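The structure under discussion appears below in the form of C-alpha cells.
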Number of protein chains: 2
Amino acid sequence: MSLGTEEKHAQTMANTLAEADYRGRYRHGLTSLEMILEDVDIGACRPDYKPKILKETPAIAWVDGAMNLGPVVGNFCMDIAIKKAKEVGIGWVTCKHSNDYGLSTCYALRAYNVGFIGFACSNSPAMVVPTRGKKPVLGPNPICLAAPSKREEEGVIMDMTTSTVDWAEIDQYKIKGQELPKGWAATKDGTETTDISQATYLLPLGGTEDRSGYKGYNFILMVEILCGILGGGKFGPYVKETHSARDPANLCHTFFALDPAKFNPAFKLHMQDLTAALRSTDSVTPDTPVWIAGDPERMHMKAVKEAGGIRYSKKNLQTFEEIAFKYGVTPLKAKDSCYFPS
Amino acid sequence: MSLGTEEKHAQTMANTLAEADYRGRYRHGLTSLEMILEDVDIGACRPDYKPKILKETPAIAWVDGAMNLGPVVGNFCMDIAIKKAKEVGIGWVTCKHSNDYGLSTCYALRAYNVGFIGFACSNSPAMVVPTRGKKPVLGPNPICLAAPSKREEEGVIMDMTTSTVDWAEIDQYKIKGQELPKGWAATKDGTETTDISQATYLLPLGGTEDRSGYKGYNFILMVEILCGILGGGKFGPYVKETHSARDPANLCHTFFALDPAKFNPAFKLHMQDLTAALRSTDSVTPDTPVWIAGDPERMHMKAVKEAGGIRYSKKNLQTFEEIAFKYGVTPLKAKDSCYFPS
C-alpha cells in the first residue's frame with residue numbers, strides 16, 4: 001500500500017505469499033517479496049492498472065492483466081472461471097500482461113474450495129533445454145490441478161514445474177556441495193550433468209531422451225501453448241528474467257474451473273475411493289508410505305499449526321525488517337527463535 | 001459390418017486403425033483388430049448400441065458411450081466438443097462406457113483440422129506403480145494435445161502415455177534380449193529394474209523418486225481424475241485387461257476443443273514462431289536435430305507416401321488373412337514384399 005497498491009490488492013499479494021509459506025513452498029513465499037517490490041519500484045509491475053476482459057463468451061475469457069501483480073491477475077481470472085463454471089460447467093480463462101503469480105495452488109484452490117476441479121498453469125523464463133537442444137527455449141512452466149474429494153483431506157492438489165526440478169532445488173545441492181542426481185541439469189552445451197559447478201540449464205521431466213525426456217518437453221510445451229501462445233504475451237525464448245520497466249515480464253497464465261456435478265454425480269465419492277486405494281498401496285520403503293499430491297503440504301500445514309506459526313530463518317527476518325524500514329511500515333514480529341526448514 | 005456394425009461405424013474403426021499405421025504408431029493400428037473383434041464377439045463391445053448425451057450445457061457434455069467401439073465414441077464426443085467450441089470458444093466432453101479408443105491423435109486432429117486446439121486423454125488398465133508403491137494402481141493413461149500453426153507442417157501434435165514407456169516398447173527389448181534403460185520398469189515388488197526378465201510393471205514418467213517420478217505419477221493421476229472419476233466409469237485399480245462381456249472395459253475419455261481465435265488473434269503465427277525457434281535450436285547430436293512433437297509421425301507419413309503404402313510384416317498379413325477368412329470378407333491385398341518397421 002505504501003507503493004500505491006490498492007488495499008485489497010496488497011491483501012491478495014500478502015495472502016498468496018503467506019499461503020505458500022504455510023504450505024512449505026517457501027520459494028513462492030515471503031522471501032520473494034523483495035523481488036516483487038523491486039518490480040513495482042521500477043514500474044515493470046503496475047498495481048495501479050486494472051486487469052480487464054478483452055473477449056468473452058459464457059464459457060471463456062481472454063484477459064489483459066494490465067501488468068498488475070501476478071496474484072491480483074490470477075485471482076481476477078480464476079474468479080471469472082468459477083463464475084462461468086457455475087453457469088455452464090466450465091470456465092476457461094487465459095491472460096497476458098501478467099507478472100509472476102507465485103504458487104499455482106492458490107488459484108486452483110479457489111475452485112477446489114467451492115467443490116470444483118481447479119487448474120492453473122503459467123509460462124516462465126526460458127531455462128530448460130528441449131530434448132537434444134544445446135540452449136534453453138522453454139521455462140520450467142508450472143502446472144497445478146486440484147480436485148476435491150468427499151473428505152477434504154483426501155483431495156488431490158498437485159502443483160509442480162514441468163522440468164525435473166527447479167533452480168531452488170539445485171541451489172540446495174550447491175549449498176550442501178553434493179553431486180546432483182541424474183536427469184536434473186545440463187551443462188552450457190546441453191549435456192546432462194551431475195556436477196553442480198557445471199549445471200547451467202534445467203532438463204525437462206524424464207531427463208535424457210532414453211528415459212523419455214521428450215515427454216517432459218511435451219508437457220512444458222503444452223503449458224507454453226496454453227499460456228504464452230493462447231494468451232498472446234511473451235512466449236518460449238522471449239520470456240526472460242528481466243526486472244526492467246522497458247521490458248515487462250508480460251507472462252501468460254491459463255486457468256479453468258470445472259463443475260464435476262455437471263458430469264459424474266458420484267465424483268467426490270470416487271475421488272475418495274481412488275485416493276484411498278493409492279494411499280493404502282504397500283510401500284517399497286515402509287517408513288515412507290505412498291502419498292497423493294498435496295500430502296507433503298498437508299503435513300507442513302499441520303506442523304505450522306502445531307508450532308503456532310510459520311518459521312523463518314534469522315537472515316529472512318532481517319531482510320523483512322530491512323524491507324519494512326525501506327517502505328516505512330511496521331516490521332513483522334517474530335514470536336520466538338525461528339528457523340527455515342530446508 | 002459382418003458383425004452387425006453399422007457401415008459408418010465400421011468405416012470409423014477402419015480409418016482410425018489405418019491412421020495409426022500411417023503415422024507409424026503400429027500398436028494402435030491394424031494389429032489390434034483381432035482383439036477388437038474378440039471384444040465384439042463376446043459382447044464386451046456393442047457396436048449396435050448408440051452413444052448418447054446424458055447432460056449438457058452450451059460448453060460441456062457428459063456422454064454415455066453405450067459400450068460402442070472406442071473410435072465411434074471418441075468421434076461422437078469430439079464432434080460435440082468442436083460444435084460447442086465454435087459457439088462458445090470451448091467444448092469439453094467426458095464420457096464413460098467406452099472401449100479402447102486407439103490412437104489419441106485421431107480425436108485431437110479433428111479439432112486441429114478446423115484450426116482449433118484439440119485435446120484427448122483416456123484411462124487404461126492399471127499397470128503403473130505409483131511412486132514408492134509395490135503394486136500398480138493406475139494405467140499408462142495416454143494424453144494428446146494438437147495445436148495448429150500457420151503452416152500445417154509446423155503444428156504441434158503430441159501424443160504419449162504418461163508412463164515412461166508402454167509395454168510395446170518393453171516387448172521390443174525383450175525380442176532383442178537387451179537390458180532396459182533405467183526408469184522404464186519395476187519388478188513384481190515395485191523396485192526399478194533394467195533386467196527384462198524381472199520387468200513386471202511400468203514406472204511413471206521420470207522413473208524413481210529422486211528423478212521426480214512423482215511428477216509423472218501426478219500426470220497419470222490428472223488423466224485418471226479427468227477420465228475415470230469425472231466420467232463415472234471404471235477408474236484406477238478397477239480398470240483391468242478383461243475382454244469379458246460380464247465385465248466390460250467401461251473406459252472413460254475426456255476431449256476438449258478450443259477456438260484460439262477467441263483469444264490471441266495471432267495464435268497460429270506465434271505457434272509458427274515458437275516451433276521454428278525449437279526446431280532451429282542447436283543440437284547436442286548434429287545428425288539428430290531438435291524436434292517438435294509430431295515430427296517423427298510426419299517423417300513416417302512421408303515414407304509411407306514414398307513407398308506407395310503402409311508396410312506390414314508377413315506374419316501380420318497372414319493374421320489379417322485369417323481374420324478375413326473367419327468373418328467371410330475379402331482379405332487385404334499386399335502390393336509387394338512387406339516388412340514391419342521396428
Side-chain angles (χ1 to χ4, degrees), chain A residues 55 57-60 62 88-90 92 94 130 132-135 137 145 147 156 158 160 164-165 181-183 189-191 205-207 210-212 215-216 218-219 221-222 224-225 229-232 235-237 260 262-264 266-267 270-271 274 277-278 281-285 288 290 293, chain B residues 55 57-60 62 88-90 92 94 130 132-135 137 145 147 156 158 160 164-165 181-183 189-191 205-207 210-212 215-216 218-219 221-222 224-225 229-232 235-237 260 262-264 266-267 270-271 274 277-278 281-285 288 290 293:
Chain A
K55 286 186 201 169
T57 75
I60 65 105
W62 184 35
V88 296
I90 191 169
W92 178 294
T94 300
R132 299 180 187 167
K134 278 190 178 178
K135 299 289 166 208
V137 186
L145 182 98
V156 165
M158 59 181 73
M160 55 198 181
T164 306
V165 293
K182 281 190 173 186
D189 295 318
T191 316
L205 177 61
D210 68 319
R211 290 184 63 146
S212 304
K215 293 189 179 186
N218 279 350
F219 279 120
L221 186 53
M222 182 172 86
E224 192 61 58
I225 291 169
I229 309 293
L230 193 63
F235 57 85
K262 296 275 198 306
F263 300 85
N264 174 17
F267 179 86
H270 290 182
M271 274 295 294
L274 175 63
L278 285 160
T281 306
D282 279 346
S283 176
V284 173
T285 47
T288 49
V290 172
Chain B
K55 287 184 199 170
T57 76
I60 65 104
W62 184 35
V88 296
I90 190 168
W92 178 295
T94 300
R132 300 180 186 164
K134 279 189 177 179
K135 300 287 166 209
V137 186
L145 183 98
V156 165
M158 59 181 71
M160 57 198 179
T164 306
V165 294
K182 280 188 172 186
D189 295 318
T191 317
L205 176 61
D210 67 319
R211 291 184 65 146
S212 304
K215 293 189 179 185
N218 279 350
F219 279 120
L221 186 54
M222 182 173 86
E224 192 62 57
I225 291 169
I229 309 291
L230 193 62
F235 57 84
K262 297 275 199 306
F263 300 85
N264 173 18
F267 179 86
H270 290 182
M271 274 295 295
L274 175 63
L278 284 160
T281 306
D282 278 346
S283 174
V284 173
T285 48
T288 48
V290 172

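In the text below, chain A, chain B and the rest are named by the order of the sequence lines, each starting its count at 1. Treat the numbers as computed from the prediction; the structure is a model and nothing was measured. Basis for what follows: all heavy atoms, side chains included, without hydrogens, waters or symmetry-related copies.
Contact of B:V88 with chain A is made through backbone and side chain together, with heavy-atom distances under 4.5 Å. Within the 4.5 angstrom heavy-atom criterion, only side-chain atoms of A:P130, from C-beta onward, approach chain B. Using a 4.5 Å cut-off between heavy atoms, A:V137 contacts chain B through its side chain alone, with no backbone atom that close. For A:A293, the parts lying under 4.5 angstrom from a heavy atom of chain B are both the backbone and the side chain. Of the atoms belonging to B:V165, heavy atoms from both backbone and side chain fall under 4.5 Å from chain A. At a 4.5 Å heavy-atom cutoff, the contact between A:I229 and chain B is made by backbone and side-chain atoms alike.
In terms of heavy-atom pairs under 4.5 Å with chain B, the best-connected choice from A:D189, A:T94, A:T281 is A:T281. With chain A as partner, the option from B:F263, B:F267, B:W92 having the largest number of non-hydrogen pairs under 4.5 angstrom is B:F263. Per-residue counts of heavy-atom pairs under 4.5 Å with chain A were compared for B:T288, B:L230, B:L278, B:L274; the largest is that of B:L230. Chain A forms more heavy-atom pairs under 4.5 Å with one residue of B:L145, B:N218, B:V156 than with any other, namely B:N218. Ranked by heavy-atom pairs shorter than 4.5 Å toward chain B, the options A:L205, A:T191, A:D282 are led by A:L205.
Residue A:I90 holds its CD1 atom at 11.0 Å from CD1 of A:I60, rounded to the nearest 0.5 Å. Between the CZ atom of A:F219 and the CE atom of B:M222 there is a distance of 6.0 Å, given to the nearest 0.5 Å.
Ring-plane geometry between B:H270 and A:F235 is classed as tilted, the angle between the planes lying from 30 to 60 degrees on a 0 to 90 degree scale.
Judged by distance alone, the side chain of B:T57 and the main-chain N or O of A:G89 form no donor-acceptor pair under 3.5 Å.
Proximity of B:K182 to B:R211: side-chain heavy atoms (C-beta onward) are nowhere separated by under 4.5 Å.
Annotation for A:W62 and A:G231: closest pair NE1-O, 2.8 Å, computed over non-hydrogen atoms. When all heavy atoms are compared, the tightest approach of B:T164 to B:G183 is OG1-O, 2.8 Å.
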